[in-house]
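I have placed the structure first, in the form of structure tokens, so that the comments after it can refer back to it.
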Amino acid sequence: MKIIVTGGAGYIGSHTVVELIAVGFQPIIVDNLCNSDVSNIQGIKEITGVDVQWYNVDCSIEKKLVEVFEKEEGIIGAIHFAAYKSVEESVREPEKYYKNNIGSLEVLLEQMKKHKVNNLIFSSSCTVYGTPDILPVTESSPFKKAESPYGETKQMCENILQKSDVKSISLRYFNPIGSHFSSLIGDCSADKPCNLIPIICEVAKGVREKLIVNGDDYNTIDGSCVRDYIHVVDLAKSHVSALHYLLKNPKKDVFNIGTGKGLSVIQAISCFEKANDKKINYSIGHRRDGDVEEIYSDNAKVEKLLNWKAEISVETAMKDAWNWEKMKVK
């Protein structure tokens, strides 16, 4: 059962490829490595023993993606990860995000339609909720004004999917952290990290002098932003659960993928310090454009329908994140 995985060499994509192989699917990676690294493909092979088919292709270029679909017979579905993902960068370069994130989905959907591939798992985000009025957020929580162009592209992509003939499930991720316990795959993003846990790891390693906490005057437990942190392996497994569900229930649906628990920035720093016995140098800075004050997930729907829930602790995720960082070349 062949599954196209766009962005399959990326952080979440590579972990999902491992989980797909574990349950008998045959993933086909489509990734031009613009924000990932071939080492993740090598790591997938070391973990699984499988030499995964990989096309070094930009999936936003139609003629290139056509070649993949024509060469691979028997494709039954796709998982679409390929997108730029930095909230901070999207505020600075919105056109880059609109062109790539929306364009790649439109090209993929067109090829799926032409080749009669009717099942898509879409990598969405909790940023679609904007700044929510009520916590925790459920799948029926309304889309508020997006706080960043990145969030807006995810809203727009979900709207495109609703109008498409392709059956789809959008997984609205919260904040993935950690790495595979082997430290053979992880976040190889080419851009400078702007997510909390990778920055904490760089401070711990000495790559950065200190961490700047972006604001301590929010209406939260300690004034810093609150997020729902989920281990990337748990997140990867949710894609397998979603794919099984979609193949049995051809429809359109959406699911939150989180732990259901909020952790502030300062609490996350403390958790990392305790898990790894490392002191993190940090100071308080100004608020950052595009940041939501507080958000965490209601997981009732995904637990009931997909029979999925987060199982790996935040403490373990912090250890796995640090182990991955230590493996990377400085």
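Counting begins at 1 with the first residue of the sequence.
- The backbone N or O of H180 sits less than 3.5 Å from a side-chain atom of H15, completing a donor-acceptor pair.
- Looking at heavy atoms from C-beta onward, Y55 lies in side-chain contact with E72 at the 4.5 angstrom threshold.
- Of the possible donor and acceptor atoms, none in the side chain of K145 sits under 3.5 Å from a partner among the backbone N and O of E152.
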With salt bridge (Lys or Arg N to Asp or Glu O under 4.0 Å) as the criterion, how do K328 and E325 come out once you've worked through the C-alpha distance, each side chain's angles and the decisive distance to 0.1 Å? CA-CA 5 Å; K328 290 164 59 179; E325 183 65 35; 3.4 Å; yes

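- In this structure, the side chains of L161 and L120 come closer than 4.5 Å at one or more pairs of heavy atoms.
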Given salt bridge (Lys or Arg N to Asp or Glu O under 4.0 Å), test E73 with K2 step by step and report yes or no. CA-CA 8 Å; E73 295 182 358; K2 291 184 180 180; over 6 Å; no

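- Residues F181 and H231 keep their aromatic ring centres 6.0 Å or farther apart.
- Between the D228 side chain and the S297 main chain, a donor and an acceptor come within less than 3.5 Å of each other.
- Salt bridge annotation for D253-K301: present, with a cationic side-chain nitrogen under 4.0 angstrom from a carboxylate oxygen.
- N40 and S14 make their closest contact through ND2-OG, 3.7 Å (heavy atoms, listed as atom of the first residue, atom of the second, distance).
- In this structure, K252 contributes its side chain and S164 its backbone to a donor-acceptor pair below 3.5 Å.
- Aromatic ring centres of H239 and F81 lie closer together than 6.0 Å.
- One N or O on the side chain of D31 and one on the backbone of A9 form a donor-acceptor pair closer than 3.5 Å.
- A donor-acceptor contact closer than 3.5 angstrom links the side chains of K85 and S189.
- No side-chain donor-acceptor contact under 3.5 Å links N175 to the backbone of I230.
- No cation-pi contact links K144 to Y129, judged by a cut-off of 6.0 Å to the six-membered ring centre and 45° from its axis.
- Taking every heavy atom of both residues into account, C59 and L65 meet most closely at O-CD2, 3.8 Å.
- Residue I221 qualifies as open at atom CD1: its count of foreign heavy atoms under 6.0 Å is 12 or below.
- S125 places a side-chain heavy atom less than 4.5 Å from the side chain of Y150.
- The 12-atom threshold is exceeded at CG of N281, counting heavy atoms of other residues, nucleotides or ligands nearer than 6.0 Å.
- Separating the OG atom in S313 from the NZ atom in K261 is a distance of 9.5 Å, to the nearest 0.5 Å.
- A salt bridge is absent between K237 and E311: the closest approach of a Lys/Arg side-chain nitrogen to an acidic carboxylate oxygen does not fall below 4.0 angstrom.
- In this structure, the separation between OG on S148 and CZ on R288 is 10.0 Å, given to the nearest 0.5 Å.
- Closest approach of A242 and I169 over heavy atoms only: O-CD1, 3.5 Å.
- Judged by distance alone, with hydrogens and angles left aside, the side-chain atoms of T6 form a donor-acceptor pair with the main-chain N or O of A82 at under 3.5 Å.
- I3 is not listed as a side-chain neighbour of I121, based on a closest heavy-atom distance of 4.5 Å or more.
- Of the possible donor and acceptor atoms, none in the side chain of H115 sits under 3.5 Å from a partner among the backbone N and O of V117.
- Y173 places a side-chain heavy atom less than 4.5 Å from the side chain of S123.
- Minimum interatomic distance between D320 and S179 (heavy atoms only, all atoms of both residues): CB-O, 3.4 Å.
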Does the pair N256 and Y296 meet the rule for a side chain to side chain donor-acceptor pair (under 3.5 Å), with working shown? CA-CA 10 Å; N256 286 340; Y296 53 93; over 6 Å; no

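- Remark: the E158 side chain and the S124 side chain contain an N/O donor-acceptor pair separated by less than 3.5 Å.
- At least one side-chain heavy atom of F25 sits less than 4.5 Å from a side-chain heavy atom of M1.
- With N195 contributing its side chain and I197 its backbone, the two residues share no donor-acceptor pair below 3.5 Å.
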Could you walk me through whether T153 and N101 pass the side chain to side chain donor-acceptor pair (under 3.5 Å) test, one step at a time? CA-CA 6 Å; T153 65; N101 292 10; 3.3 Å; yes

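- Enclosure of atom NZ in K96 by more than 12 non-hydrogen atoms of other residues, nucleotides or ligands within 6.0 angstrom is indicated.
- The shortest non-hydrogen separation linking V254 to E139 is O-CG, 3.5 Å.
- With V50 as the partner, the side chain to side chain contact (heavy atoms under 4.5 Å, CB included) test is satisfied by one option alone out of V17, V18, I21: I21.
- Between the side chains of S183 and N323, no donor N or O sits under 3.5 Å from an acceptor N or O.
- Residues K64 and N32 are not in side-chain contact: their nearest non-hydrogen atoms beyond the backbone lie 4.5 Å or more apart.
- Cation-pi contact between K114 and F69: absent, since separation from the ring centre below 6.0 Å together with deviation from the ring axis within 45° is not met.
- Between the side chain of W308 and the backbone N or O of D234 there is at least one donor-acceptor pair closer than 3.5 Å.
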Evaluate I102 against Y97 for side-chain contact (heavy atoms from CB on, under 4.5 Å), listing each step before the verdict. CA-CA 8 Å; I102 298 166; Y97 278 69; over 6 Å; no

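- Between the CD atom in E95 and the OG atom in S90 there is a gap of 12.0 Å [rounded to 0.5 Å].
- Defined by atom type and a distance below 3.5 Å, a donor-acceptor pair is present between the side-chain atoms of T131 and E147.
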Would you sort out whether E202 and R208 count as a salt bridge (Lys or Arg N to Asp or Glu O under 4.0 Å), showing the intermediate values? CA-CA 6 Å; E202 287 192 347; R208 297 181 188 234; 2.6 Å; yes

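- When side chains are defined from C-beta on, D217 counts as touching R287, because their heavy atoms get closer than 4.5 Å.
- Contact record, C188 with W324: SG-CZ2, 3.8 Å, taken as the closest heavy-atom pair.
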